[in-house]
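Down below is the structure, laid out as structure tokens.
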There are 2 protein chains.
Amino acid sequence: MEHLEIFKALSNKTRLQILQWLKEPDKHFPNPHNNDFERQGVCVGYIQQKAGLTQSTISEYLSMLQKAGLLTSERNGQWTYYKRNEAAFKALSRIIKTDI
Amino acid sequence: MEHLEIFKALSNKTRLQILQWLKEPDKHFPNPHNNDFERQGVCVGYIQQKAGLTQSTISEYLSMLQKAGLLTSERNGQWTYYKRNEAAFKALSRIIKTDI
DNA sequence: TTGGTATTTCGGGAAAAACCGATATATCTC
DNA sequence: GAGATATATCGGTTTTTCCCGAAATACCAA
């Protein structure tokens with residue numbers, strides 16, 4: 001969770017967009033299998049479709065957001081589910097107020 | 001004050017450094033003429049010397065931080081003084097908590 | 001095992017950012 | 001006015017980021 005790494009992760013329109021979507025996944029993703037988005041997160045494929053960029057690009061973006069600490073991921077079978085790490089955002093909010 | 005623009009401005013080691021320095025200017029800059037750093041800010045030249053990059057680079061960085069809303073500038077004679085816009089940091093802290 | 005689907009990783013071309021030196025502008029002093 | 005100093009802007013090279021397609025890996029199901 002290096003500051004610079006976090007800000008770089010946030011310096012891209014699509015990545016910011018993804019974070020927004022994951023804030024209210026039920027609102028932003030179709031849910032044909034009634035997944036518990038809130039608990040388990042959203043799989044890469046859904047995010048990719050919505051973003052409209054290639055699968056590889058989105059995979060890298062998600063990995064980047066995770067390395068920065070803003071997302072957590074959980075593999076379940078052939079799917080990897082990503083969700084927000086709300087604690088990281090709270091921490092970042094505080095960092096901005098105190099450290100930056 | 002676009003979010004993306006702010007995060008891009010924060011995505012550079014030197015620019016982050018400058019923001020830190022301007023947080024406690026008396027601690028970080030020599031003050032031969034007893035300027036009121038807190039009130040009027042610090043001139044470009046001082047920041048440039050401390051950063052160790054060229055004058056043009058630092059001028060652009062400061063301009064970038066200002067366009068993002070993180071700094072304010074005030075020209076006084078041949079000097080331009082930059083200081084932090086603390087309100088912007090508070091706002092950003094809140095944005096992270098609520099919007100991002 | 002074979003084939004199918006989800007995801008990650010790799011290699012690379014195009015676009016953007018970093019950073020520089022040179023030049024332009026603004027203001028001061030004489 | 002001329003010359004000096006502080007800062008801003010411009011043009012360009014190097015480095016990094018963006019984003020892609022292809023290939024590799026992981027898992028599942030038959």
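Values below: every heavy atom of this structure, side chains too, minus hydrogens, waters and symmetry copies. Every chain is numbered from 1 and lettered A, B, ... according to where its sequence line falls, protein lines coming before strand lines.
Taking side-chain N and O atoms only, B/Asn12 has no distance below 4.0 Å to OP1 or OP2 of C/dA17. Using a 4.0 Å cut-off, some side-chain N or O of B/Thr57 falls inside it from OP1 or OP2 of C/dC20.
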For residues 90-100 of chain A, which side-chain N or O atoms pair as donor and acceptor with protein atoms under 3.5 Å away, sequence neighbours left out?
| unit_1 | atom_1 | unit_2 | atom_2 | d |
| --- | --- | --- | --- | --- |
| A/Ser93 | OG | B/Ser93 | O | 2.9 |
| A/Ser93 | OG | B/Ser93 | OG | 3.0 |
| A/Thr98 | OG1 | A/Arg94 | O | 3.0 |

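Proximity of residues 25-36 of chain B to DNA chain D (heavy atom under 4.0 angstrom from any strand atom) is not detected for any residue.
In the hydrophobic clustering of this structure, A/Met64 does not group with A/Leu10; members are Ile, Leu, Val, Met, Phe, Trp, Tyr whose side-chain heavy atoms approach within less than 4.5 Å, directly or through other members.
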Subject >> From CA spacing to verdict: side chain to side chain contact (heavy atoms under 4.5 Å, CB included), B/Leu4, B/Lys8 >> reply: CA-CA 6 Å; B/Leu4 188 55; B/Lys8 284 190 176 175; 4.2 Å; yes

**OP:** Please assess A/Val42 against A/Trp21 for the test side chain to side chain contact (heavy atoms under 4.5 Å, CB included), listing each intermediate value before the final yes or no.
**Re:** CA-CA 10 Å; A/Val42 180; A/Trp21 293 335; over 6 Å; no

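Between D/dG21, D/dA8, D/dC18, one nucleotide has an atom nearer to the side chain of B/Val44 than all others, and that is D/dA8. Distances from the side chain of A/Thr54 to the nucleotides D/dG21, D/dC18, C/dG21 place D/dG21 closest.
Among the heavy atoms of the strands lying under 4.0 Å from B/Thr80 are primed sugar atoms or P, OP1, OP2 only; no base atom is included. Across all strands, A/Tyr82 comes closer than 4.0 Å only to sugar-phosphate atoms, never to a base (heavy-atom distances). Using a 4.0 Å heavy-atom cutoff across all strands shown, B/Ser63 reaches no nucleic acid atom at all.
Each of A/Tyr81 and B/Ser11 was assigned the nucleotide of DNA chain C with the nearest heavy atom; the assignment lying further toward the 5' end belongs to A/Tyr81. A residue-by-residue look at B/Tyr61 and A/Gly45 shows that A/Gly45 has its nearest nucleotide of DNA chain C further toward the 5' end. Along DNA chain D, the nucleotide nearest to A/Glu60 and the one nearest to B/Tyr46 differ in position, and the one closer to the 5' end is contacted by B/Tyr46.
Relative orientation of the A/Tyr46 and A/Phe29 rings is parallel, given thresholds of 30° and 60° on the angle between their planes.
Counting only N and O atoms by type, the side chains of B/Ser59 and B/Ser56 include no donor and acceptor under 3.5 Å apart. There is a side-chain donor-acceptor pair under 3.5 Å between B/Ser11 and A/Ser11.
The cationic group of B/Arg84 lies under 6.0 Å from the six-membered ring centre of B/Phe89 and within 45° of the ring axis, placing it in a cation-pi geometry.
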Subject >> Footprint string (nucleotides 24-30 of chain C, 5' to 3'): B base within contact, S backbone only, - free, heavy atoms under 4.0 Å >> reply: ---BS--

